[in-house]
Amino acid sequence: MQSTAHRNLVISLVSIPFVILIGTIGYMFIENWSFFDSLYMTIISISTTGYNEVHQLSTAGRIFSMFIILTGVLAIAYVGGRTIQYFIENQVLRRRMMNIKIGKKSDHYIIGGYGRMGKFICDTFYSNKESFVVIENNEKRIDQLIEKNYLFIRGDATNDEVLLKAGIEKAKGFIAVTGTDAENVFATLSARELNKDMLVVTRAIEEGSEAKLKKAGADRVVKPYELGGSRMVQLLLRPGVTEFIDVVARKRGREFDLEEVTIGSNSSLAGLTLKESPLRKDLNIIIVAVNRGTEFIFNPQSDTVISDGDILIAIGEQANLQKLEKLAT
């Protein structure tokens, strides 16, 4: 259903051609002018340009001209007002709909900052069909978020009220990638105070910031320069291994993937050994590791028992990994 503002805008846009039509017909009938002369006189009248009259006007023609000028000016003003109303209402409606969508979010991720790293994170989440909300206050970046059709909150990621609007209390994780370490510390501290159970990952820019970020509540601290340097070294020393990790972790057009799956209490896999389970023989899934909180089992043996709460780190085809997730729950 079209909004009232949209309907009014359409009506206002029709009013100007209608005034032009009435004016043209009026001059043709009253002054017996040609169609072109009548149209020209109508246009210069409603636009109030002040050009000379095409021909000498009669008294009736002057009265009609006054009517056309007043009507035309009012029509143009009406169009301007309705256009402004339409765009304002459209923006308000879009923001209201976005707030409704964000209010319904749960088990989502919140990204504080939409810079270069924030953009990469959002694009990756989107390609993986993960639910997320961005917090940003830079107008140019907000325009980019609107173009991408990403859900966002306009504001400061260090502000408690903004974090609450983004659904921090129901979020699965928070990522702080603002412009400075100081902002990341405050954002991390605020997010952790509002949700003590979620995973918090933040970026450290300067040396010595890692300890402060962890004290503020970050579970993981990423140092881009160290990661970038390490990756460049690995590309030189172990290019094959690096390529394999890229293929698996970044899903570069391949059907297999690296995934972690949590075993639920009602899972049919709970209590079975890896050998007894259908993971290898039926789904062709390789279990790389088993995370049991304090215990991390790398390359588990075939007699390793799958227990409730285990997090399986698995490699396999995407379709089979989806079957594993169903078995795990």
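Model, not experiment: these values are computed from the prediction.
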query = Taking all atoms of both residues into account, what is the closest heavy-atom pair of Arg280 and Ile286, and its distance?
reply = NH1-CG1, 3.4 Å
ask   = Should Val200 and Val133 be regarded as members of a common hydrophobic cluster, given that ILVMFWY residues are connected when their side-chain heavy atoms come within less than 4.5 Å of each other, either directly or indirectly?
value = yes
Co-members of the apolar cluster containing Val201 [side chain, <4.5 Å] = Leu199, Val222, Leu227
inquiry  = Using 0.5 Å steps for rounding, measure from the CD atom of Glu206 to the OH atom of Tyr225.
reply    = 8.0 Å
query = From Glu136 CD over to Gln144 CD, what is the distance, rounded to the nearest 0.5 angstrom?
reply = 9.0 Å
query = Linking Ile, Leu, Val, Met, Phe, Trp and Tyr by side-chain heavy atoms under 4.5 Å, what else ends up with Leu213?
reply = Val185, Val221
request  = Answer with yes or no whether the hydrophobic clustering places Ile297 together with Leu272; edges join I, L, V, M, F, W, Y residues whose side-chain heavy atoms lie under 4.5 Å apart.
outcome  = no
query = So if you build clusters from Ile, Leu, Val, Met, Phe, Trp, Tyr with side-chain heavy-atom gaps below 4.5 Å, do Met198 and Ile135 land together?
reply = yes
key: Non-hydrogen side-chain atoms of Gln322 and Lys326 separated by less than 4.5 Å   = no
task = Could you please spell out the steps behind the side-chain contact (heavy atoms from CB on, under 4.5 Å) verdict for Lys148 and Lys119?
result = CA-CA 10 Å; Lys148 291 273 190 175; Lys119 181 180 181 299; 4.2 Å; yes
message = Nearest 0.5 Å, please: how far is CD in Glu325 from CD1 in Ile263?
response = 10.5 Å
ask   = Taking side chain as C-beta onward, heavy atoms only, is Glu31 less than 4.5 Å from His55?
value = no
Under 3.5 Å donor-acceptor pairs involving side-chain atoms of residues 62-74, not counting sequence neighbours:
{"residue": "Ser65", "atom": "OG", "partner": "Tyr27", "partner atom": "OH", "Å": "2.5"}
{"residue": "Ser65", "atom": "OG", "partner": "Gly61", "partner atom": "O", "Å": "2.9"}
{"residue": "Thr71", "atom": "OG1", "partner": "Phe67", "partner atom": "O", "Å": "2.7"}

message = Run the side-chain contact (heavy atoms from CB on, under 4.5 Å) test on Leu312 and Glu260 for me, step by step, so that the C-alpha distance in whole Å, both residues' side-chain angles and the decisive distance to 0.1 Å come before the verdict.
response = CA-CA 5 Å; Leu312 307 182; Glu260 63 175 55; over 6 Å; no
query = Taking all non-hydrogen atoms of both residues, which atom of Ala314 and which atom of Leu321 are closest, and how far apart?
reply = CB-CD2, 4.0 Å
request  = Check whether any side-chain heavy atom of Ile16 sits under 4.5 Å from a side-chain heavy atom of Tyr78, and report yes or no.
outcome  = no
query = Just by modelled atom types, is the Ser307 backbone N or O under 3.5 Å from a matching donor or acceptor in the Asp310 side chain?
reply = yes
ask   = Could you give the distance from CD1 (Ile306) to OG (Ser267), rounded to the nearest 0.5 Å?
value = 7.5 Å
request  = Show the numbers, then the answer: is there a side-chain contact (heavy atoms from CB on, under 4.5 Å) between Asn138 and Tyr114?
outcome  = CA-CA 9 Å; Asn138 182 283; Tyr114 192 69; over 6 Å; no
Can you give me every donor-acceptor pair (side chain of residues 154-179, partner residue at least two apart or in another chain, under 3.5 Å) with its distance?
{"residue": "Arg154", "atom": "NH1", "partner": "Glu139", "partner atom": "OE1", "Å": "3.0"}
{"residue": "Arg154", "atom": "NH1", "partner": "Glu139", "partner atom": "OE2", "Å": "2.8"}
{"residue": "Asp156", "atom": "OD1", "partner": "Thr158", "partner atom": "N", "Å": "3.0"}
{"residue": "Asp156", "atom": "OD1", "partner": "Thr158", "partner atom": "OG1", "Å": "3.0"}
{"residue": "Asp156", "atom": "OD2", "partner": "Thr158", "partner atom": "OG1", "Å": "3.2"}
{"residue": "Asn159", "atom": "OD1", "partner": "Glu161", "partner atom": "N", "Å": "2.8"}
{"residue": "Asn159", "atom": "OD1", "partner": "Val162", "partner atom": "N", "Å": "3.2"}
{"residue": "Asp160", "atom": "OD1", "partner": "Ser190", "partner atom": "OG", "Å": "3.4"}
{"residue": "Lys170", "atom": "NZ", "partner": "Gly103", "partner atom": "O", "Å": "2.9"}
{"residue": "Lys170", "atom": "NZ", "partner": "Lys105", "partner atom": "O", "Å": "3.2"}
{"residue": "Thr178", "atom": "OG1", "partner": "Thr180", "partner atom": "O", "Å": "3.4"}
{"residue": "Thr178", "atom": "OG1", "partner": "Asn184", "partner atom": "N", "Å": "3.3"}
{"residue": "Thr178", "atom": "OG1", "partner": "Asn184", "partner atom": "OD1", "Å": "2.6"}

ask   = Can you name the closest pair of heavy atoms from Ser58 and Ile30 and give their distance?
value = OG-CG2, 4.3 Å
key: Shared-cluster residues of Ile205, by chain and number - hydrophobic side chains joined below 4.5 Å   = none
message = Once rounded to the nearest 0.5 Å, what's the spacing between atom CD1 of Ile153 and atom CD1 of Ile110?
response = 9.0 Å
request  = Flag yes if more than 12 heavy atoms outside Glu207 fall under 6.0 Å of its CD atom; otherwise flag no.
outcome  = no
message = Side chains of Ser277 and Leu327, heavy atoms from C-beta outward: is any pair under 4.5 Å?
response = no
task = Could you check whether the rings of Tyr109 and Phe125 sit parallel, tilted or perpendicular, using 30° and 60° as the cut-offs?
result = parallel
key: Cluster link Leu57 to Phe35, ILVMFWY, side chain under 4.5 Å   = yes
request  = Count the heavy atoms of every other residue, nucleotide or ligand shown that sit under 6.0 Å from OH of Tyr126, and state whether that count exceeds 12.
outcome  = no
task = Find out if a path of hydrophobic residues (ILVMFWY) with successive side-chain heavy-atom gaps under 4.5 Å connects Met41 to Ile22.
result = no
ask   = Is the CG atom of Asn149 crowded by more than 12 outside heavy atoms at less than 6.0 Å?
value = no
message = Would you say that more than 12 heavy atoms from the other residues, nucleotides or ligands in this model lie under 6.0 Å from the CZ of Arg292, or not?
response = yes
request  = Go through the steps for His108 and Phe132 under the test side-chain contact (heavy atoms from CB on, under 4.5 Å), then give the verdict.
outcome  = CA-CA 5 Å; His108 60 293; Phe132 65 93; 5.7 Å; no
key: Over all atoms of both residues, closest heavy-atom pair of Ser15 and Ala75   = OG-CB, 3.9 Å
remark   = When rounded to the nearest 0.5 Å, the distance separating CG of Asp219 from CZ of Arg192 is 4.5 Å
remark   = Heavy atoms of Val261 and Ala328 approach each other most closely as CG1-CB, 3.2 Å
ask   = Between the main-chain N or O of Ile311 and the side-chain N or O of Asn291, is there a donor-acceptor pair closer than 3.5 Å?
value = no
inquiry  = Test question: given the 4.5 Å side-chain rule for I, L, V, M, F, W and Y, name all other residues clustered with Met232, or answer none.
reply    = none
inquiry  = Can you give me the closest heavy-atom contact between Gly316 and Ile285, atom names plus distance?
reply    = CA-CG1, 4.5 Å
message = So for atom OH, which belongs to Tyr150, do other residues, nucleotides or ligands contribute more than 12 heavy atoms lying within a distance under 6.0 Å?
response = yes
query = Sub-3.5 Å donor-acceptor pair from the side chain of Ser302 to the main-chain atoms of Lys275, do we have one?
reply = no
task = Determine yes or no for a side-chain-to-main-chain donor-acceptor pair under 3.5 angstrom, with Asn128 supplying the side chain and Glu130 the backbone.
result = no
